[in-house]
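Since the structure comes first, as structure tokens, the remarks are kept for the end.
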There are 2 protein chains.
Amino acid sequence: MERLKRMAESYAWVEGIASRTIIEFKKTHEMLEEVFENYFQEYDISDSKFNLLVILYNSSEKGLMLSEIGDRMLVTKANITGLIDRLEKQGLVKRIRDDTDRRKIQAVITKKGISFTEEVMRKYKEWSGDIMNILNDDEKSRLINIMSKLQKGLVQMEAERRIPHVTA
Amino acid sequence: MERLKRMAESYAWVEGIASRTIIEFKKTHEMLEEVFENYFQEYDISDSKFNLLVILYNSSEKGLMLSEIGDRMLVTKANITGLIDRLEKQGLVKRIRDDTDRRKIQAVITKKGISFTEEVMRKYKEWSGDIMNILNDDEKSRLINIMSKLQKGLVQMEAERRIPHVTA
DNA sequence: TTTAAATAATTAATGCATAAACAATTAACA
DNA sequence: TGTTAATTGTTTATGCATTAATTATTTAAA
């Protein structure tokens, strides 16, 4: 939490309401991350690993192909290999080779993984509630509205950026 | 940007306004990061390296001790070693050994580093302006206010968490 | 049917973060 | 003075992300 005072310092060269909004956004996000990290710490699980677990938790009993997981998480397959390695080491997930197509590997959540995921999901909701009690309902919905507008604008900016400059 | 639709999916298990606020926050942050990343890309510089450069840019001509940089960025010294390594390879920074205390090493920004930093700072302000044009001034200040309240609350939560439970 | 191309996962190299162990140097003090 | 402490920075091992190269297998084509 101390880090935030320093962050403000290192962005002292930023002036104007636009840049300040962005910096405040970064600070707030960093604080939220830190608080959640503290909560998550005792479970020895990262955001990514938790995400992957939830995906498998919501999948069928056969689990999911590694590349399917990568597609859903929008993350490279190399990354999935590593995440699954670590989750497997924790006994939360197992690999099962597909017999009809031996290139494929299904990742399946274990019993231990299921109860673990349920526990963390429960906690996550609890923590979110605690944290967001800081704001009243009006502030929360106002915040959501402004962020939605920002998101839409960003998507549009990106879309425009991607349009190649036609010159002829 | 596509990633965001997926993010919403993987957090489908999250319900209630509190959790939703947090997810929207994460999404918005991720979008901002992505847009800035696209901008930064052509400069071959990460957030961390840029931060470090700005710190040296604002320091005296003698530069700063590596440990001082670590203190300011609230980052481990091992990390600083690596960042300086990479910045040095790019010719933006150089190491100078202190003669009176041979344990110390000063990091000094080079001429190339200075003009580079000025260029990127200028761009950063420009980009921030472009992006935050999405919101009007009223929305920007409202957003800042709500985030400030959230930040204060988070700091307080952390402070309370740190107080050991006295039992006697 | 043999060869070429596509697909699935892993490995290797790199960036950025951490903690822990280490070497070198300086400071403290008995 | 000589031994112990503290400090400064690097190295090593690990986690999590990327891209590019590699292996194994299946599919398509010639």
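Heavy atoms only: backbone and side chains are in, while hydrogens, waters and symmetry mates are out. Proteins come first, then strands; the chains are lettered A, B, ... in the order of their sequence lines, and each starts at number 1. Bear in mind the structure is a predicted one, so any value in this text is a computation, not a measurement.
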Worksheet item: When we call it a touch if two heavy atoms are under 4.0 Å apart, what does R97(B) touch: a base, just sugar-phosphate, or nothing?
Response: nothing
Item to complete: Report the nucleotide, chosen from dA19(C), dA20(D), dT10(D), that has the shortest atom-to-atom distance to any side-chain atom of A78(A).
Response: dA20(D)
Fill in: Between dA24(D) (C1') and L66(A) (CG): distance, integer Å
15 Å
Practice prompt. Using heavy atoms to find the nearest nucleotide of DNA chain D for R103(A) and G82(A) separately, return the residue whose nucleotide is more 5′.
Written response: G82(A)
Discussion item. In whole Å, I'd like the distance from the CD atom of Q90(A) to the C1' atom of dT14(D).
Written reply: 13 Å
Discussion item. Quick check: closest heavy atoms across A107(B) and I84(B), and the distance to 0.1 Å?
Written reply: CB-CD1, 3.8 Å
Worksheet item: Checking all strands, does K77(A) fall into the base, sugar-phosphate, or nothing category for heavy-atom contacts under 4.0 angstrom?
Response: base
Worksheet item: dT14(C) C1' sits how many Å from K49(B) NZ, rounded?
Response: 11 Å
Fill in: Base paired to dT26(C) (Watson-Crick or G-U; both N/O distances under 3.5 angstrom)
none
Worksheet item: Looking across every strand, which nucleic acid part, if any, lies under 4.0 Å from S46(A) by heavy atom: base, sugar-phosphate, or nothing?
Response: sugar-phosphate
Worksheet item: Would one find a side-chain N or O of R95(B) under 4.0 angstrom from OP1 or OP2 of dT10(D)?
Response: yes
Item to complete: Kindly assign one of parallel, tilted or perpendicular to the pair F116(B) and Y43(B), based on the angle between their ring planes and the thresholds 30° and 60°.
Response: perpendicular
Worksheet item: What integer distance in Å separates K104(A):NZ from dT25(D):C1'?
Response: 11 Å
Worksheet item: In whole angstrom, what separates E68(B)'s CD from dG9(D)'s C1'?
Response: 14 Å
Discussion item. What's the closest nucleotide to the side chain of R86(B) if the choices are dC16(C), dT18(C), dT8(D)?
Written reply: dC16(C)
Worksheet item: Looking only at side-chain N and O atoms, does N79(A) come under 4.0 Å of OP1 or OP2 in dT18(D)?
Response: yes
Practice prompt. Indicate yes or no: at least one non-hydrogen side-chain atom of I134(A) is less than 4.5 angstrom from one of M157(B).
Written response: yes
Fill in: Distance, rounded to the nearest Å, where M65(A) contributes CE and dT25(D) contributes P
16 Å
Discussion item. Check this one for me: any side-chain N or O of S67(B) less than 4.0 Å away from OP1 or OP2 of dG9(D)?
Written reply: yes
Worksheet item: Which part of the nucleic acid does T81(B) contact within heavy-atom distance under 4.0 Å: base, sugar-phosphate only, or nothing?
Response: base
Worksheet item: Mind checking whether W127(B) and F40(B) have parallel, tilted or perpendicular rings, split at 30° and 60°?
Response: perpendicular
Worksheet item: In whole angstrom, what separates E37(A)'s CD from dG15(D)'s P?
Response: 15 Å
Worksheet item: Once the angle between the rings of F36(A) and Y39(A) is folded into 0 to 90°, is it parallel (under 30°), tilted (30 to 60°) or perpendicular (over 60°)?
Response: perpendicular
Worksheet entry | Separation of dG15(C) P from D85(B) CG (nearest whole Å) | 10 Å
Discussion item. Is the shortest side-chain heavy-atom distance between M132(B) and L150(A) below 4.5 Å?
Written reply: yes
Practice prompt. Answer with base, sugar-phosphate or nothing: what part of the nucleic acid does D101(A) contact at a heavy-atom distance below 4.0 Å?
Written response: sugar-phosphate
Discussion item. Please name the nucleotide paired to dT10(D) by Watson-Crick or G-U wobble geometry with both distances under 3.5 Å, or report none.
Written reply: dA21(C)
Discussion item. I want to check one thing: is the phosphate of dT18(C), taken as OP1 and OP2, less than 4.0 Å away from some side-chain N or O of T76(B)?
Written reply: yes
Worksheet item: Hey, is dA21(D) sitting syn or anti, using the within-90° cutoff around 0?
Response: anti
Worksheet item: Hey, does L83(A) reach any base, or is it just sugar-phosphate, or nothing, if we go heavy atoms under 4.0 Å?
Response: sugar-phosphate
